[in-house]
Protein chains: 2
Amino acid sequence: MKIDIDTVLREHGIQPSAQRVAVAQYVLNTTAHPTAEKVAAEVRKTFPMISRATVYNTLNLMVEHGLLREFVLDDGTTVFDANVGSHHHFVDDETGRIHDIPWDSLKVSKLEALEGFEVREYQVVLRGRLRGTSRRRS
Amino acid sequence: MKIDIDTVLREHGIQPSAQRVAVAQYVLNTTAHPTAEKVAAEVRKTFPMISRATVYNTLNLMVEHGLLREFVLDDGTTVFDANVGSHHHFVDDETGRIHDIPWDSLKVSKLEALEGFEVREYQVVLRGRLRGTSRRRS
DNA sequence: ACACGCGCAAGACTAAGTCTAACTTTAGAC
DNA sequence: GTCTAAAGTTAGACTTAGTCTTGCGCGTGT
Ligand SMILES: [Mn+2]
Ligand SMILES: [Mn+2]
Ligand SMILES: [Zn+2]
Ligand SMILES: [Zn+2]
């Protein structure tokens, strides 16, 4: 399950360090789309003395090197996504949680007909409720 | 071209005032998707003494009353959109400017097949270059 | 004249993120 | 094994966007 983070970092041109490994270990093994502060909080459970600046530095480094993607929610929150391939996002209205939607689950057509726009990339952002989440108490 | 802002506000349950009319006048008549600070700057050209808090209050009020929609860009910037109907957005890579894409220009299919997700609304966000914008000097 | 309610203004405050400058730690070189 | 330069880390200052607080001014009704 947990592959060699050290190697992953090196393969992407990032010099490993205890702090970087701790951050990568967490953020590459969650699908929760955590914020930077959430990452800091989680990492501190096992590496209490890591600084805020280092967490941000590491996350930004990983984004620059394509190990991570940044995603901004509708309310302005910035989260990090270990899933760097093309996919869509579904935001749960009730919890705010983000769920990945596989690229092939949706199809966007008529893109080529968009006169004047040269589309490099796109994404569908959906919002709604999880089915079966029929109003359970908080 | 410029309809009676006073009436528009009242029709949406907002008590008009000089400041509110000034803000609405600008923000309802642009397709530029301005930030709050941009709105403040523009409004001050004709109403120099308006406070930052009032600009924010008015924009938020208009959003609450459905006169305006808030939209958050990929870089986290929050902008306001007078186009409150369903539409998609195209972000110009070079200038960062946002262009509205009419709802019917695109079609997203297979939505109903998304098991477990009850979609309330969605939007396609596209990024790329404007065709014909072939590298003119800045 | 008085008082209430509403809206506005100014500035304090907050949260997310970046930057700075000093300090460790590391990787090589010897 | 030492030494040293480069790279990494740190605490805290700073910035930016936005919210909150508090007091003030003004119109309306009595
Ligand atoms: Mn970033
Ligand atoms: Mn807002
Ligand atoms: Zn994702
Ligand atoms: Zn728009």
Side-chain angles (χ1 to χ4, degrees), chain A residues 5-10 12-27 33-44 46-65 67-81 96 98, chain B residues 5-6 9-10 12-27 33-44 46-65 67-81 96 98:
Chain A
I5 294 289
D6 228 75
T7 308
V8 176
L9 291 178
R10 241 185 291 268
H12 284 78
I14 298 178
Q15 169 75 10
S17 76
Q19 290 87 335
R20 288 175 178 172
V21 169
V23 169
Q25 184 69 255
Y26 169 67
V27 82
H33 300 79
T35 62
E37 298 296 341
K38 180 67 167 31
V39 173
E42 283 300 317
V43 169
R44 285 197 174 115
T46 62
F47 200 138
M49 64 299 295
I50 194 172
S51 83
R52 225 160 60 90
T54 297
V55 173
Y56 276 99
N57 286 344
T58 303
L59 291 172
N60 288 339
L61 246 199
M62 291 176 74
V63 170
E64 280 160 33
H65 288 74
L67 256 171
L68 221 49
R69 141 184 327 195
E70 230 171 328
F71 181 62
V72 178
L73 308 194
D74 278 20
D75 67 354
T77 317
T78 298
V79 301
F80 293 88
D81 191 344
I98 303 161
Chain B
I5 295 290
D6 228 73
L9 289 178
R10 241 184 292 269
H12 284 78
I14 298 178
Q15 169 74 11
S17 76
Q19 290 85 337
R20 288 174 178 174
V21 169
V23 168
Q25 184 68 255
Y26 169 67
V27 82
H33 299 79
T35 63
E37 299 296 339
K38 179 68 168 29
V39 173
E42 284 300 317
V43 170
R44 286 199 173 112
T46 62
F47 201 135
M49 66 297 298
I50 195 173
S51 84
R52 224 161 58 90
T54 296
V55 173
Y56 276 98
N57 285 343
T58 302
L59 291 172
N60 288 341
L61 203 50
M62 291 176 74
V63 170
E64 280 160 32
H65 287 74
L67 257 171
L68 221 49
R69 147 184 321 197
E70 230 172 329
F71 181 63
V72 178
L73 308 194
D74 279 19
D75 67 355
T77 317
T78 299
V79 300
F80 293 88
D81 191 344
I98 303 161

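Chain identifiers are assigned alphabetically (A, B, ...) following the order of the sequence lines, protein sequences preceding nucleic acid strands; residue numbering begins at 1 within each chain. Quick caveat, the model's predicted, so the values are computed rather than measured.
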Per-helix bend value, the helix from C/dA1-D/dT30 to C/dC30-D/dG1, C1' rotation axes over five pairs per end, 10° rounding, shows 10°
Quick note, B/Ala53 side chain, CB onward, closest among D/dT19, D/dT9, D/dC20 is D/dC20
- Task: Using modelled atom types only, decide if a donor and an acceptor are shared between the side chain of B/Arg20 and the backbone of B/Ile14 within a distance under 3.5 Å.
- Result: no
A/Ser51 vs D/dT9: side-chain N/O to OP1/OP2 distance below 4.0 Å:
no
Rounded to whole Å, CG of A/Asp75 lies from P of C/dA16 at a distance of 11 Å
TODO: Please evaluate the base of D/dT9 for a donor-acceptor partner in the side chain of A/Arg20 within a cut-off of under 3.5 Å?
DONE: no
Just call it for B/Thr78: base, sugar-phosphate, or nothing, with non-hydrogen atoms closer than 4.0 Å on any strand. sugar-phosphate
Nearest heavy-atom approach of A/Asp74 to B/Val72 is O-CG2, 2.9 Å
In whole angstroms, the gap separating P of D/dA17 from CZ of B/Arg52 amounts to 9 Å
Tightest non-hydrogen contact, residues B/His65 and B/His12, listed as CD2-O, 2.9 Å
Taken to the nearest whole Å, CG/A/Asn57 to C1'/C/dA16 is 15 Å
Separation of C/dA15 atom P from A/Lys38 atom NZ, nearest Å, is 19 Å
From OH of B/Tyr56 across to C1' of C/dC13 the rounded distance in Å is 14 Å
**Report entry** Backbone N/O of B/Ile50 and side chain of B/Arg44: donor-acceptor pair under 3.5 Å
**Finding:** yes
In whole angstroms, the gap separating P of C/dG7 from CZ of B/Phe47 amounts to 15 Å
Between CD1 of B/Ile50 and C1' of C/dA10 the distance, given in whole Å, is 14 Å
All heavy atoms of B/Ala24 vs all of B/Leu9, minimum pair found to be CB-CD2, 4.1 Å
B/Val43 and B/Val23 have their tightest heavy-atom pair at CG2-CA, 3.8 Å
- Query: Under 3.5 Å, side chain of B/Thr77 to main-chain N/O of B/Leu73, donor-acceptor pair present?
  - Reply: no
Note to self: Tell me whether the side-chain N/O atoms of B/Gln15 come closer than 4.0 Å to OP1 or OP2 in C/dG5.
What the structure shows: no
Separation of C/dC6 atom P from B/Leu61 atom CG, nearest Å, is 13 Å
Inset, instruction - Indicate, with a heavy-atom threshold strictly under 4.0 Å, whether B/Ser17 touches base, sugar-phosphate, or nothing. - result: sugar-phosphate
